[in-house]
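Taking it in order: structure first as structure tokens, then the write-up.
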Amino acid sequence: GKGSGTLATCFGIPLNPDAQNAPACNKSLDQLLLDPFPDPARSGLMPEMRERIELIKKHVPDDFKISLPDMQGPFNLAHLILGTDVFLAPYTDPGKFHAAMQRITDVWLQVRQTLSDWIGPERLYPGYNLVCECSVNMISPEMYREFVLPCDRKIAETIGSISIHPCSGPHVF
């Protein structure tokens, strides 16, 4: 991957290499919801990551483990995709924002499964399941409970226990 912006590319957002691979642009909430659902194997950086995984598996001893890329978490991804609109959308259009968060979570889960399948259980680094939700330090506990917690719970229920990195947002938890 290319850092925290890695999964934003699955939503058609290019990264800016001159800005430490931050998203080069943002999408509107409507644009995000109107776009076709991203293909977890072919969108964004996924083909490049598959090639790298195959290269490592082919040329590196089997005891060399491969970890998942920096996938962030659903709200961090929403922030990367929508920009600062992520803070207004829950108030201006909560229904669409819930739908966007659900879409982002579904893509996150499908991308994680795709990468895990490509790596294979014998090569997958047995690290913890980290969900980075650094942007929660800019929302209220109420907004987290209503819009983000259901997504983090869905991830935990799907993949098992998770570790959430709230950055400097401990007030939310």
Side-chain angles (χ1 to χ4, degrees), residues 1-16 19 21-47 49 68-117 129-173:
K2 302 225 186 272
S4 60
T6 296
L7 262 61
T9 65
C10 291
F11 295 90
I13 297 181
L15 300 180
N16 182 348
N21 290 317
C25 60
N26 300 117
K27 289 189 171 199
S28 70
L29 184 59
D30 288 332
Q31 206 175 3
L32 172 62
L33 294 172
L34 288 173
D35 282 350
F37 192 86
D39 182 328
R42 292 186 197 93
S43 60
L45 295 173
M46 293 300 288
M49 288 191 284
L68 294 170
D70 183 351
M71 294 184 51
Q72 294 298 295
F75 190 68
N76 278 13
L77 286 173
H79 192 186
L80 291 167
I81 295 164
L82 301 171
T84 56
D85 285 350
V86 77
F87 302 112
L88 297 176
Y91 298 108
T92 59
D93 206 330
K96 284 184 181 178
F97 191 68
H98 274 296
M101 289 298 294
Q102 182 62 53
R103 175 177 276 226
I104 290 167
T105 303
D106 290 345
V107 170
W108 192 99
L109 286 165
Q110 289 183 24
V111 163
R112 185 185 189 282
Q113 185 61 56
T114 299
L115 289 165
S116 296
D117 290 346
N129 296 315
L130 183 63
V131 177
C132 295
E133 295 291 20
C134 307
S135 293
V136 299
N137 63 12
M138 296 182 271
I139 63 173
S140 69
E142 295 77 25
M143 187 186 286
Y144 175 81
R145 278 193 289 277
E146 183 175 347
F147 295 99
V148 185
L149 180 59
C151 301
D152 290 343
R153 277 194 171 148
K154 182 175 184 176
I155 290 171
E157 290 164 1
T158 303
I159 66 173
S161 67
I162 61 173
S163 297
I164 294 181
H165 171 70
C167 214
S168 49
H171 70 284
V172 171
F173 298 94

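In this text the structure is predicted, and so the values were computed from the model without any measurement. Side chains included, hydrogens not; waters and symmetry mates left out as well; all remaining heavy atoms used.
For the atom pair Leu32 CG and Ile104 CD1, the distance stands at 5.0 Å (nearest 0.5 Å). Put simply, CD1 on Ile164 and CG on Asp152 are 4.0 Å apart, with the number rounded to the nearest 0.5 Å. In this structure, the separation between CG on Leu88 and CG on Leu29 is 11.0 Å, given to the nearest 0.5 Å. The CZ atom of Phe87 sits 5.0 Å away from the CZ atom of Phe75 when rounded to the nearest 0.5 Å. Between the CD1 atom of Ile162 and the CZ atom of Arg153 there is a distance of 10.5 Å, given to the nearest 0.5 Å. With rounding to the nearest 0.5 angstrom, the CZ atom of Arg112 is 10.5 Å from the CG atom of Asp117.
Looking at Asn26, its side chain does come within 3.5 Å of a backbone N or O of Leu80 through a donor-acceptor pair. Checking side-chain atoms of Asp70 against main-chain N and O of Gln72 turns up a donor-acceptor pair under 3.5 Å. Judged purely by atom type and a 3.5 angstrom limit, Asn76 uses its side chain to pair as donor or acceptor with the backbone of Cys132.
Here Lys154 pairs with Asp106 in a salt bridge; the nearest charged N to carboxylate O distance falls below 4.0 Å.
Closest approach of Asn21 to Leu15, counting heavy atoms only: O-CD2, 3.3 Å. When every heavy atom of Arg103 is checked against every heavy atom of Leu33, the shortest pair comes out as NH2-O, 3.7 Å. Of all non-hydrogen atoms in Ile13 and Cys25, the two that sit nearest each other are CG2-O, 3.3 Å. The two residues Cys167 and Asn137 have their closest heavy-atom pair at CB-ND2, 4.5 Å. Across all non-hydrogen atoms, the minimal contact from Lys27 to Phe11 is NZ-O, 2.7 Å. Of all the heavy atoms in Lys2 and Leu45, the pair that sits closest is CG-CD1, 3.6 Å.
Looking at heavy atoms from C-beta onward, Cys10 lies out of side-chain contact with Trp108 at the 4.5 angstrom threshold. When side chains are defined from C-beta on, Pro69 counts as touching Met49, because their heavy atoms get closer than 4.5 Å. Here the side chains of Phe97 and Leu82 are in contact, with some heavy-atom distance below 4.5 Å.
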